[in-house]
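Note sheet for the following structure.
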Protein chains: 2
Amino acid sequence: MVKLLHDHTAEDCVELVPIFDNLSKDEKNTIATLVTHHHYKTGEYLFSAGDTSDSLIIVAHGQAKVFQMATSGKEQMLRILQTGDFDGEAALFTNSDHNSFAQALMKTDVCQISRGDFQRLMQKTPEMAVNMVNALGKRIAQLEQQTTEVTTASVESRLANYLLETSAGLNQEVFKLPLKKKDIATYLGTTPETISRKLTSLTKQGMIEKISNNEFKILDADRLMMID
Amino acid sequence: MVKLLHDHTAEDCVELVPIFDNLSKDEKNTIATLVTHHHYKTGEYLFSAGDTSDSLIIVAHGQAKVFQMATSGKEQMLRILQTGDFDGEAALFTNSDHNSFAQALMKTDVCQISRGDFQRLMQKTPEMAVNMVNALGKRIAQLEQQTTEVTTASVESRLANYLLETSAGLNQEVFKLPLKKKDIATYLGTTPETISRKLTSLTKQGMIEKISNNEFKILDADRLMMID
DNA sequence: CGGATTGTTGACTCGAGTCAAAAACGGTGG
DNA sequence: CCACCGTTTTTGACTCGAGTCAACAATCCG
C-alpha cells in the first residue's frame with residue numbers, strides 16, 4: 001500500500017506538470033524513475049534560505065508559499081506554488097544556495113529531481129528544455145508584473161486586482177480567499193492591518209460584499225478594475 | 001564596407017552572448033546566418049508595449065532600458081540591457097504582445113532571431129536550450145531580489161545598494177553613474193526628487209563624495225551596506 | 001474548553017510623493 | 001568658444017498613504 005501510494009505520487013508529478021507535457025510514454029516513465037517524493041504538513045518548510053539547492057521541486061498536490069526575508073525581518077512573498085507548479089532556481093545553478101523559503105500552507109506532496117538528473121534530461125529531451133524555457137518565461141512575465149504593480153499602484157488597487165484574479169481563477173461568484181490575510185499582506189507587499197482596512201473600505205464602497213470571515217463576493221468588477 | 005560591418009555585428013552577437021557559449025564553430029556559424037541586425041540612436045525604441053513580439057533581441061553593443069508603464073503613466077524600469085544581454089519573453093510565446101518598452105540609452109546595435117528560428121535552434125542544440133534555461137533562471141533570481149527590495153527596503157537603502165553595485169560592477173573607486181538620475185529613480189521605484197535628496201543626504205553623512213555632477217566616490221561601504 | 005494564532009480598530013507618525021520654481025547642465029549651431 | 005534652448009536636477013513647502021504600536025475581538029485547533 002505504501003509502495004503503491006509512492007508510485008502513484010511519482011506518476012502524478014510527471015502527469016501534472018506542464019513541463020513534461022507532450023513527451024512520449026517512454027520518456028515519462030524514465031522521468032518517473034528519477035523522481036523522489038516527500039510529504040509536508042502545514043507549516044513545514046520545503047526549503048530555507050541558506051540550504052544547498054540541488055534539486056528541482058515540483059508540487060504534486062497541495063500549496064506552498066515562497067518568500068524572501070528582508071534584513072529587517074519583513075517577509076515578501078514571491079509566489080504561491082500550486083499543484084503542478086515547480087520551483088526552478090534550485091535546479092539551475094551549480095553551487096548555489098537558496099535565497100528564499102518555501103513553506104507548506106496545507107498538507108503538500110512534493111516531487112524532486114536532482115540537478116544532475118534534470119540537466120541530463122534537458123540534454124536528452126530538447127522538447128522538455130523548450131517547455132522549461134516557456135515556463136520560466138511566463139514566470140518572468142509574472143514577476144515583472146508584480147514588481148511594477150507593487151511600486152506603481154496603491155494598496156487598494158493591488159488588493160482589488162488580487163480579488164479579481166482570485167475570483168476569476170476560482171471561477172465562482174462567491175469565493176473563499178485561499179490565503180490567510182496575513183499572507184495576502186506579504187504577497188501584496190503591505191501589512192495585515194492595511195489589508196483589513198482596505199477590505200472594509202471596499203465593502204463600504206459597495207464594490208465587494210463580505211459573506212463570511214474569508215468569503216467575499218464581487219459586486220462591481222468594473223469599479224474595482226478602475227481603482228487608482 | 002557596409003557589408004563588412006554587417007557581418008562583423010552578426011558574429012559579434014554570437015560571440016558576445018553567454019547563451020551561445022560552448023557551442024561548436026559550425027553551430028555558431030549557422031546561428032550567425034539566422035541573425036539580422038539593427039541600429040538604434042539614443043532615445044529610439046527597440047520595441048513598445050502592444051507590438052507583436054516575434055523575435056529574440058540581443059544587444060551587441062550599447063545600452064537600453066526595459067520598462068513598463070502603469071495605467072497612471074508612471075514608469076517602472078525592469079532592467080538595463082547591456083552588451084551581451086538579451087530580452088527573452090519576446091521569443092518565447094506564440095501570439096503574444098510585448099507588455100513593456102525598450103528604449104536605447106545610447107547608440108545601440110541589436111541582433112534579432114525570429115521565434116521560429118530560435119525555437120528550432122533550441123530543439124536542435126540542447127546545449128543552447130540549457131544555456132537559455134540558466135540565463136532565465138538568473139534573471140528570475142534578480143527579479144525576485146528587485147521585488148523584495150522595492151517593497152521591504154527604504155529608498156535610501158535601495159540607493160545605497162545601487163551605488164555599491166554600480167561601483168563594484170565598474171570596479172573603480174571614482175565612478176560615473178551610467179544612468180540619468182531620472183532613470184535611476186524609475187529603476188528604484190521612486191522619483192527624481194527623492195533620488196536627489198537622498199544623494200545629498202548620503203553625502204552629508206560622509207558615506208559618499210560627490211566628484212562631479214554624475215561622478216561619485218564611495219567613502220564608507222560598510223555603513224552604506226547597513227542602511228535600514 | 002482553553003491557549004495560541006489571526007484579524008480588527010484606533011491613534012499617531014513619518015517617509016516619500018507632488019507641485020512649483022529656480023538652477024545647472026549639455027548639446028547645437030553660429 | 002560662446003550664447004541659447006531644452007532637458008535634467010535641485011530645493012522648498014506641503015500633503016497623505018500606509019506603516020507602527022497597542023489593545024481588543026474573533027477564530028482556529030488540539
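Computed from a predicted structure; not experimentally measured. So you know, we letter chains A, B, ... as the sequences are listed, proteins then strands, and number each from 1.
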For this session: Please report, rounded to the nearest Å, how far the P atom of dT9(D) is from the CZ atom of Phe216(B).
Result: 11 Å

Exercise. Among all residues two or more places apart in sequence or in another chain, which pass the salt bridge (Lys or Arg N to Asp or Glu O under 4.0 Å) test with Arg197(A)?
Worked result: none

Exercise. Hey, does Leu81(B) have a side-chain heavy atom less than 4.5 Å from the side chain of Thr108(B)?
Worked result: no

Exercise. For the side chain to side chain contact (heavy atoms under 4.5 Å, CB included) test, which of Leu46(A), Ile58(A), Ile57(A) pairs with Gln112(A)?
Worked result: Ile57(A)

Exercise. For dG17(C), does OP1 or OP2 lie under 4.0 Å from any side-chain N or O of Thr191(B)?
Worked result: yes

Exercise. In whole angstroms, how far is the C1' atom of dA16(C) from the CD1 atom of Ile184(B)?
Worked result: 18 Å

Exercise. Quick one: does Ser48(B)'s side chain have a donor or acceptor within less than 3.5 Å of a partner on Asp51(B)'s backbone?
Worked result: no

Problem set entry | Atom CD of Glu44(B) with >12 non-hydrogen neighbours under 6.0 angstrom | yes

For this session: Would you indicate what Lys198(A) reaches in the nucleic acid, counting non-hydrogen atoms under 4.0 angstrom: base, sugar-phosphate, or nothing?
Result: sugar-phosphate

Problem set entry | Note: Glu173(B)-Lys217(B) ion pair, threshold 4.0 Å (strictly below) | no

Exercise. Among all residues two or more places apart in sequence or in another chain, which pass the salt bridge (Lys or Arg N to Asp or Glu O under 4.0 Å) test with Asp85(B)?
Worked result: none

Problem set entry | Rounded distance in Å - CG (Leu179(B)) to C1' (dT8(D)) | 14 Å

For this session: Measure from NZ on Lys182(B) to C1' on dG17(C) and round the result to the nearest Å.
Result: 17 Å

For this session: Can you run down the side chain to side chain donor-acceptor pair (under 3.5 Å) pairs that involve residues 68-79 of chain B, sequence neighbours left out, and say none if there aren't any?
Result: Thr148(A)-Gln68(B), Thr151(A)-Gln76(B)

Exercise. How long is the line joining CG of Leu177(A) and P of dC28(D), in whole Å?
Worked result: 13 Å

Problem set entry | Letter per nucleotide, 5' to 3', of nucleotides 8-14 of chain C [B base touched, S only sugar-phosphate touched, - untouched; heavy atoms, 4.0 Å] | SBBB---

Problem set entry | DNA chain C-proximal residues of residues 144-160 of chain B, any heavy atom under 4.0 Å | Ser154(B), Val155(B)

Exercise. Under the ring-ring contact (aromatic ring centres under 6.0 Å, His included) rule, what pairs show up with a residue in residues 56-81 of chain B, not counting sequence neighbours?
Worked result: Phe67(B)-Phe101(B)

Problem set entry | Residues which pass salt bridge (Lys or Arg N to Asp or Glu O under 4.0 Å) with Glu89(A), listed by chain and number, not counting sequence neighbours | none

What pairs of donor and acceptor atoms, side-chain ones from residues 136-144 of chain A against any protein atom, are under 3.5 angstrom apart with sequence neighbours left out?
unit_1	atom_1	unit_2	atom_2	d
Arg139(A)	NH1	Gln142(A)	OE1	2.6
Arg139(A)	NH2	Glu144(B)	OE2	3.1
Glu144(A)	OE2	Arg139(B)	NH2	3.0

Seminar exercise, completed: Under a 4.0 Å heavy-atom cutoff, the residues of residues 220-228 of chain A touching DNA chain C are none

Exercise. In whole angstrom, what separates Lys107(A)'s NZ from dC29(D)'s C1'?
Worked result: 13 Å

Problem set entry | Pairs touching residues 206-228 of chain B that satisfy ring-ring contact (aromatic ring centres under 6.0 Å, His included), sequence neighbours left out | none

Exercise. How close do Leu224(B) and Ala160(B) get, heavy atom to heavy atom, and via which atoms?
Worked result: O-CB, 3.6 Å

For this session: Describe, as an angle rounded to 10 degrees, how the axis at the first end of the helix from dC1(C)-dG30(D) to dG30(C)-dC1(D) is tilted relative to the axis at the last end, five pairs per end.
Result: 60°

Seminar exercise, completed: Residue set satisfying salt bridge (Lys or Arg N to Asp or Glu O under 4.0 Å) with Asp220(A), at least two apart, ordered chain then number -> Arg223(A)

Problem set entry | Atom-pair distance (CG on Asn214(A); P on dT27(D)), nearest Å | 10 Å

Exercise. Rounded to the nearest Å, what distance is computed from the CG atom of residue Leu188(B) to the P atom of nucleotide dG17(C)?
Worked result: 11 Å

